[in-house]
2 protein chains.
Amino acid sequence: MALRKTFLFMDTITNKVDAKGRVSLPSDYRAIVKELSTEIVCYRSLTSPCIEGCLEDLLDKLATDMENSLDFFSQTQDDLTNLIFGDAKRFAFDSTGRIVLTEKLLKHAQITDTAVFVGKGRKFQIWNPENWEKEEARIRAEVLKNRPSLAPKENAQ
Amino acid sequence: MALRKTFLFMDTITNKVDAKGRVSLPSDYRAIVKELSTEIVCYRSLTSPCIEGCLEDLLDKLATDMENSLDFFSQTQDDLTNLIFGDAKRFAFDSTGRIVLTEKLLKHAQITDTAVFVGKGRKFQIWNPENWEKEEARIRAEVLKNRPSLAPKENAQ
DNA sequence: TTATATAACATGGGAAAATATGGTATGCAA
DNA sequence: TTGCATACCATATTTTCCCATGTTATATAA
């Protein structure tokens with residue numbers, strides 16, 4: 001393990017996807033990946049119409065956690081991890097910083113010519129622009145409603 | 001983890017924002033950042049028309065806490081990470097001490113050519129001057145009303 | 001205290017580097 | 001050969017870096 005500085009995927013970046021499925025990984029993301037590895041892992045989100053990406057470390061950690069607490073997890077969650085590992089695939093980026101997304105992933109996320117990268121800390125997601133717009137609105141409404149501790153004031157002006 | 005002296009963002013400083021979105025981070029703030037890191041993280045405040053900034057540690061801790069919750073598939077956790085990390089972005093300052101704020105952040109805070117930095121301890125905020133003037137007045141009024149113990153005398157200032 | 005010198009800071013402009021993205025060539029397999 | 005996937009090259013744009021200058025703060029000496 002290298003110096004465990006903080007490596008977090010952040011920000012929301014929109015990039016173009018060409019006819020070959022090529023898309024530039026945001027440079028901030030690339031910097032993180034280069035620091036710890038050479039490639040990322042992507043898979044279809046289990047819960048949303050989007051692609052999820054992370055470093056292989058994270059999936060390794062997931063596997064370990066599952067091993068160490070089998071009783072703790074429900075059969076359902078066990079099944080879900082099977083789905084993830086069955087679906088996940090490594091993606092290396094070329095000298096210009098692009099990865100080539102597969103038909104399967106693009107279809108799941110309904111992405112055609114534009115992709116939105118959304119940071120999630122140790123992970124990130126890739127969305128169709130319209131879908132992300134809706135999703136972000138939904139989340140903001142949800143969080144403000146159910147997590148008032150994050151929004152102490154009514155709302156200023 | 002350097003010597004855990006007290007590192008608090010304080011004071012209120014007004015600086016100019018140029019056409020490129022560049023603005024000098026107050027030198028006091030810079031001194032704090034340099035002590036622990038090389039860059040800051042900024043994001044749109046959830047509750048106010050302003051930008052919030054902090055050190056990356058704060059967000060890293062959040063990411064770790066969420067990982068350790070063993071709740072890999074939690075919907076709430078999912079929403080929160082999207083909202084927080086999707087909006088946050090790292091900003092390094094150049095040799096002259098400036099950062100380049102993004103359109104998104106500037107728009108949210110209604111900042112055009114002038115920015116007011118307001119210390120908040122572990123965090124700080126960046127405001128449009130007029131908005132901050134109003135907000136400060138509102139806060140003072142609020143505090144005097146709800147926390148009379150803090151204002152033993154007739155009125156300060 | 002006042003005046004002057006010195007250092008630190010804020011800010012504007014332009015050059016250099018990095019990034020995103022389209023196109024072309026190359027290699028492999030059907 | 002043809003189709004497909006990967007690697008390489010070219011360029012417009014964006015971002016970052018560097019230098020110059022005015023301003024403010026600090027220190028020193030009269």
Side-chain angles (χ1 to χ4, degrees), chain A residues 9-35 38-42 51 53 89-107 111-119 124 126-129 132, chain B residues 9-35 37-42 51 53 56 88-107 109 111-119 124 126-129 132:
Chain A
F9 294 108
M10 294 190 208
D11 204 4
T12 299
I13 279 101
T14 300
N15 282 340
K16 289 200 177 170
V17 181
D18 70 14
K20 301 175 187 174
R22 292 185 301 186
V23 61
S24 287
L25 198 67
S27 63
D28 280 1
Y29 291 18
R30 244 152 50 208
I32 294 176
V33 177
K34 275 186 182 171
E35 196 84 21
T38 57
E39 49 195 15
I40 57 174
V41 174
C42 289
I51 303 164
K89 176 172 158 56
R90 295 192 186 90
F91 291 86
F93 47 83
D94 63 24
S95 58
T96 66
R98 280 182 290 198
I99 57 175
V100 183
L101 294 170
T102 63
E103 225 7 87
K104 183 175 76 173
L105 292 174
L106 290 170
K107 188 179 171 191
I111 293 171
T112 55
D113 59 356
T114 308
V116 180
F117 292 79
V118 182
F124 61 87
I126 313 176
W127 288 78
N128 160 304
W132 169 244
Chain B
F9 295 108
M10 296 189 210
D11 204 2
T12 299
I13 279 99
T14 301
N15 282 339
K16 288 201 178 170
V17 181
D18 70 15
K20 299 178 185 175
R22 290 185 301 187
V23 61
S24 287
L25 199 67
S27 62
D28 281 1
Y29 291 18
R30 243 150 52 206
I32 294 176
V33 177
K34 274 186 181 169
E35 196 81 23
S37 171
T38 57
E39 48 197 16
I40 58 173
V41 173
C42 290
I51 302 165
E56 200 168 347
K89 178 170 161 57
R90 298 160 71 175
F91 291 88
F93 47 84
D94 61 26
S95 58
T96 66
R98 282 181 290 194
I99 57 174
V100 184
L101 294 171
T102 63
E103 248 334 292
K104 183 176 78 173
L105 291 175
L106 291 170
K107 188 179 171 191
I111 293 171
T112 55
D113 59 357
T114 309
V116 180
F117 291 79
V118 183
F124 60 87
I126 312 176
W127 288 78
N128 160 304
W132 170 244

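In this model, the phosphate group of D/dC18 is not approached by any side-chain N or O of B/Arg22 to a distance below 4.0 Å at OP1 or OP2.
The side chain of A/Thr96 lies closest to D/dC9 when the candidates are D/dC18, C/dT24, D/dC9. If you check D/dA7, C/dG13, C/dT21 against the side chain of B/Arg98, the one that comes closest is C/dG13.
When rounded to the nearest whole Å, the span between CZ of B/Phe117 and P of C/dT11 equals 10 Å. Distance, A/Arg90 CZ to D/dT6 C1': 19 Å, rounded to whole Å. Counting to the nearest Å, the P atom of C/dA10 and the CG atom of B/Asp113 are 17 Å from each other. Between the NZ atom of B/Lys16 and the C1' atom of D/dT24 there is a distance of 14 Å, rounded to whole Å. Spacing between atom CG of B/Asp28 and atom P of D/dT24 amounts to 18 Å, rounded to whole angstrom units. B/Asp18 has its CG atom 13 Å from the C1' atom of D/dT15, to the nearest Å. Rounded to an integer number of Å, the gap from CG of A/Leu101 to P of C/dT21 is 13 Å. The separation between A/Glu39 atom CD and D/dT6 atom C1' is 15 Å, rounded to whole Å.
Counting heavy atoms from C-beta on, the side chains of B/Phe124 and B/Ile32 never come closer than 4.5 Å. Using a 4.5 Å heavy-atom cutoff, the side chains of A/Asp11 and B/Thr102 are not in contact.
Using a 4.0 Å heavy-atom distance criterion, A/Ser27 is classed as a sugar-phosphate-only contact. Within 4.0 Å of A/Leu25, counting heavy atoms only, lie sugar-phosphate atoms of the nucleic acid but no base atom. Among the atoms of the strands shown, none is found under 4.0 Å from any heavy atom of A/Asp94.
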Between A/Leu105 and A/Lys89, does a side-chain contact (heavy atoms from CB on, under 4.5 Å) hold up when you go through it step by step?
CA-CA 10 Å; A/Leu105 292 174; A/Lys89 176 172 158 56; 6.0 Å; no
Assess whether side-chain contact (heavy atoms from CB on, under 4.5 Å) is satisfied between B/Tyr29 and B/Ile40, documenting all intermediate values.
CA-CA 10 Å; B/Tyr29 291 18; B/Ile40 58 173; over 6 Å; no
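Residue B/Lys20 places a side-chain atom within donor-acceptor reach of the base of C/dG14, judged by atom type and a 3.5 Å distance cut-off alone.
A side-chain contact (heavy atoms from CB on, under 4.5 Å) with A/Val116 is found for one member of A/Thr14, A/Asn128, A/Ile126, A/Asn15 and no other, namely A/Thr14.
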